[in-house]
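Worksheet for the structure shown next.
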Amino acid sequence: MTHGRAGAPTVRRVRAGEGARVRELRLRAVSDPAASIAFLTTFAQELERDQAFWDERAAGGADGDSAAMFVAESGDDWIGTCTVLVRRAGDLDHTGRRSTANRADVVGVYVDPAHRGSGAIDALLDAAARWCAARGFETLSLDVHVDNARAQAVYRRAGFVATGETFTGPIGDELAMSRSLRAL
């Protein structure tokens, strides 16, 4: 569990059995006005998924070394999330690209608008970075829509830099960014 400055959110890994809460937070995330350039799914698509899907997502993010889902909490409220997906060389990633090397990708990043500026995003990304570093990764990767200037600024502040790679993904032109984990 990660504790930030006074009043800052607490970050922890999701637990198996929290599928209903994972669903609720995801529905809030894809309802965000910026969601169309931040997520690969829509509110309607997420709403159609049955409870077993959400239970499986929570269980998969709770245990193991192929995925880790982190949640930011303020009191009893979930206010943010991010997930790390481990890709092995040769795997297809969430955008349909084939991985040329083992890598760890941050996906599904969201902080409730009322809690932006609270330190939640930094705590989430730091928890993801520590998890990846503990598994031997030297970098943490993510993709961000080229028009999502707000997210790019947040990621830069959190230590991510543009890799120089751009590509066209399912939601349009994307910019690849990475964060060094060598100092962790």
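Residue numbers run from 1 in the order of the sequence given. Everything numeric here is computed off the predicted structure, so don't read it as measured data.
Hydrophobic clustering, with ILVMFWY side chains joined whenever heavy atoms are under 4.5 angstrom apart, groups Val106 together with Leu175.
In summary, Glu73 and Arg13 do not engage in a salt bridge, as defined by a charged side-chain N under 4.0 Å from a carboxylate O. Of the charged side-chain nitrogens involved, at least one lies within less than 4.0 Å of a carboxylate oxygen, so that Arg97 and Glu165 count as a salt-bridged pair. A salt bridge does not link Asp105 with Arg88: every distance from a Lys NZ or Arg NE/NH1/NH2 to an Asp or Glu carboxylate oxygen is 4.0 Å or more. At a threshold of 4.0 Å, the pair Arg179-Asp126 counts as salt-bridged, since one of the basic side-chain nitrogens sits closer than that to a carboxylate oxygen. A salt bridge links Asp65 with Arg135: the closest approach of a Lys/Arg side-chain nitrogen to an acidic carboxylate oxygen falls below 4.0 angstrom.
To the nearest 0.5 angstrom, Leu27 atom CG is 5.0 Å from Phe43 atom CZ. Between atom SG of residue Cys132 and atom CG of residue Leu181 there is a gap of 6.0 Å, rounded to the nearest 0.5 Å. In this structure, SG in Cys82 is found 5.5 Å from CG in Leu125, a value given to the nearest 0.5 Å. From Asp63, atom CG reaches atom CE of Met69 across 12.5 Å, with rounding to the nearest 0.5 Å. Put simply, CD1 on Ile121 and CZ on Arg116 are 9.0 Å apart, with the number rounded to the nearest 0.5 Å. Separating the OG atom in Ser180 from the CZ atom in Phe160 is a distance of 10.5 Å, to the nearest 0.5 Å.
Within the 4.5 Å cutoff, no side-chain heavy atoms of Phe70 are placed close to those of Thr83. Residues Val161 and Met177 are not in side-chain contact: their nearest non-hydrogen atoms beyond the backbone lie 4.5 Å or more apart. For the pair Phe167/Asp173, no side-chain contact is recorded, criterion being any heavy-atom separation below 4.5 Å from C-beta on. Using a 4.5 Å heavy-atom cutoff, the side chains of Ser178 and Leu140 are not in contact. Considering only heavy atoms from C-beta on, Val84 stays 4.5 Å or farther from Phe137 through its side chain. By the 4.5 Å heavy-atom criterion applied to side chains, Asn102 and Val86 are not counted as neighbours.
Judged by distance alone, the side chain of Asp112 and the main-chain N or O of Ala114 form a donor-acceptor pair under 3.5 Å. Between the side chain of Arg98 and the backbone N or O of Gly90 there is at least one donor-acceptor pair closer than 3.5 Å. Remark: the backbone N or O of Arg87 is not paired with any side-chain donor or acceptor of Ser99 at under 3.5 angstrom.
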Exercise for the section: Please lay out, stage by stage, how Trp78 and Glu18 fare under the test side-chain contact (heavy atoms from CB on, under 4.5 Å). Expected result: CA-CA 11 Å; Trp78 282 15; Glu18 292 182 322; 3.4 Å; yes
Exercise for the section: Might you work through the side-chain hydrogen bond (donor to acceptor under 3.5 Å, both in side chains) test for Asp55 and Gln51, ending with a clear yes or no? Expected result: CA-CA 6 Å; Asp55 293 341; Gln51 190 56 47; 3.0 Å; yes
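Judged by distance alone, the side chains of Thr41 and Arg26 do bring a donor and an acceptor atom under 3.5 Å apart.
Relative to the six-membered ring of Phe53, Arg49 meets both conditions, a distance below 6.0 Å and an angle of at most 45° to the axis.
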